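Input: a single structure, listed below in structure tokens.
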Amino acid sequence: MVESAGPSRIAPYPIAVIMERVKLANRWATERWDAKGVVRDVMPAGSGERVIVSDENLTQILFPGLTLRLHPDEAEGYIYNITSPQPKLFIMWRMRDEVARPESLSVSYHEGARWMDAEECVGGVALPPDLVPWIAEFAAEHYRPEPKKKVLYASSKDKGVASRRGGET
């Protein structure tokens, strides 16, 4: 199958995610991890993560080598996201070796919500503005609104009374 000449499904550049750990003075938790932001990945291929900020209360780690892919069936979620007042890039991350490591990226409002519903760890960071035209072009090419459903009205015979077929009123 030949792919159309439309916009690529892969972001025009690789992405690096900044994850942040904040120490807490709390008896329930000693630290909190969250996605802090994304930047264009300019590190050589195969580079590992590196600490970019570190002090006694705060650590930020840069995770390079992530790819943002678009999927035709998520076009509606892309449109909802990029037309919102604050478009987001959703980052799903998991704890491994006591470090929050980003696993997946999405710009679909629907996919981000599904990850949250599945109780995954998800952070939403500001979407780089230079990605918006690429996402918009892809979504416009692939978005197919659902056909409107015919509205069925109750018969005038019913007059709001429950069906009598079962012998109950």
Side-chain angles (χ1 to χ4, degrees), residues 1-22 31-54 58-151:
M1 184 168 115
V2 177
E3 199 161 311
S4 68
S8 168
R9 292 180 184 207
I10 298 175
Y13 56 82
I15 294 173
V17 173
I18 302 167
M19 295 297 295
E20 181 178 81
R21 179 187 61 84
V22 177
E31 62 188 19
R32 178 186 72 237
W33 283 92
D34 203 4
K36 188 66 175 175
V38 295
V39 294
R40 186 182 295 245
D41 183 4
V42 295
M43 309 239 332
S47 297
E49 73 255 17
R50 68 177 189 173
V51 175
I52 55 174
V53 174
S54 181
L58 178 96
T59 303
Q60 289 184 347
I61 303 174
L62 181 69
F63 290 90
L66 294 154
T67 304
L68 175 61
R69 290 182 183 356
L70 300 182
H71 305 280
D73 58 341
E74 291 290 338
E76 182 179 52
Y78 302 146
I79 291 170
Y80 282 153
N81 187 17
I82 63 173
T83 59
S84 72
Q86 297 175 337
K88 302 276 186 208
L89 190 146
F90 299 99
I91 301 160
M92 191 267 290
W93 53 272
R94 293 192 174 131
M95 293 297 294
R96 284 187 286 136
D97 303 323
E98 299 183 17
V99 174
R101 299 177 186 279
E103 301 228 339
S104 295
L105 305 176
S106 181
V107 289
S108 168
Y109 184 83
H110 297 324
E111 189 167 29
R114 283 193 303 273
W115 288 343
M116 288 182 234
D117 289 345
E119 298 184 6
E120 294 286 358
C121 298
V122 179
V125 300
L127 179 65
D130 58 334
L131 289 178
V132 173
W134 166 68
I135 297 165
E137 183 181 354
F138 185 91
E141 181 176 315
H142 295 284
Y143 177 61
R144 302 289 174 261
E146 285 192 32
K148 293 191 178 198
K149 295 178 182 167
K150 185 176 179 180
V151 178

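These figures come from a predicted structure and were not determined experimentally.
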When rounded to the nearest 0.5 angstrom, what distance separates [atom1] in [X] from [atom2] in [Y]?
X: Trp115; Y: Cys121; atom1: CH2; atom2: SG; result: 12.0 Å
X: His110; Y: Asp117; atom1: NE2; atom2: CG; result: 12.0 Å
X: Arg9; Y: Arg69; atom1: CZ; atom2: CZ; result: 10.5 Å
X: Leu68; Y: Ser104; atom1: CG; atom2: OG; result: 10.5 Å
X: Glu74; Y: Ser106; atom1: CD; atom2: OG; result: 6.0 Å
X: Arg101; Y: Glu98; atom1: CZ; atom2: CD; result: 10.5 Å

Exercise for review: Under the side chain to side chain contact (heavy atoms under 4.5 Å, CB included) rule, what do Val39 and Leu62 come out as? Steps first, then yes or no, please.
Suggested key: CA-CA 9 Å; Val39 294; Leu62 181 69; 4.0 Å; yes
Check your understanding: Can you check side chain to side chain contact (heavy atoms under 4.5 Å, CB included) on Asp130 and Tyr13, steps first, answer last?
Key -> CA-CA 10 Å; Asp130 58 334; Tyr13 56 82; 3.0 Å; yes
Below 4.5 Å, heavy atoms only, C-beta onward: do [X] and [Y] meet side chain to side chain?
X: Met43; Y: Phe63; result: no
X: Glu49; Y: Met19; result: no
X: Leu131; Y: Ile15; result: yes
X: Ile135; Y: Leu127; result: yes
X: Phe138; Y: Pro72; result: yes
X: Ile10; Y: Thr67; result: yes
X: Glu111; Y: Phe90; result: no
X: Glu31; Y: Thr59; result: no

Review point. Any sub-3.5 Å donor-acceptor pair from Trp93's side-chain atoms to Val99's backbone N or O?
Key: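 No; judged by distance alone, with no hydrogens or angles, the pair does not exist.
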Exercise for review: Ignoring hydrogens and angles, tell me if any N or O in the side chain of Asn81 forms a donor-acceptor pair with the backbone of Val107 under 3.5 Å.
Suggested key: yes
Review point. Does a side-chain N-to-carboxylate-O contact under 4.0 Å join Glu103 and Arg96?
Key: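 Looking at Arg96 together with Glu103, the answer is yes, because their closest N to O distance falls below 4.0 Å.
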Exercise for review: Take Val38 and Leu66 through the side chain to side chain contact (heavy atoms under 4.5 Å, CB included) test and state the conclusion after the steps.
Suggested key: CA-CA 10 Å; Val38 295; Leu66 294 154; over 6 Å; no
Review point. If you count the non-hydrogen atoms of other residues, nucleotides and ligands that lie under 6.0 Å from NZ in Lys88, is the total more than 12?
Key: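 For Lys88, atom NZ is crowded (more than 12 foreign heavy atoms under 6.0 Å).
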Point to revise | Over 12 non-hydrogen atoms of neighbours within 6.0 angstrom of OH in Tyr109 | key: no
Review point. Does the salt bridge (charged side-chain N to carboxylate O under 4.0 Å, His left out) test come out yes or no for Glu120 and Arg94, once each step is laid out?
Key: CA-CA 8 Å; Glu120 294 286 358; Arg94 293 192 174 131; 2.8 Å; yes
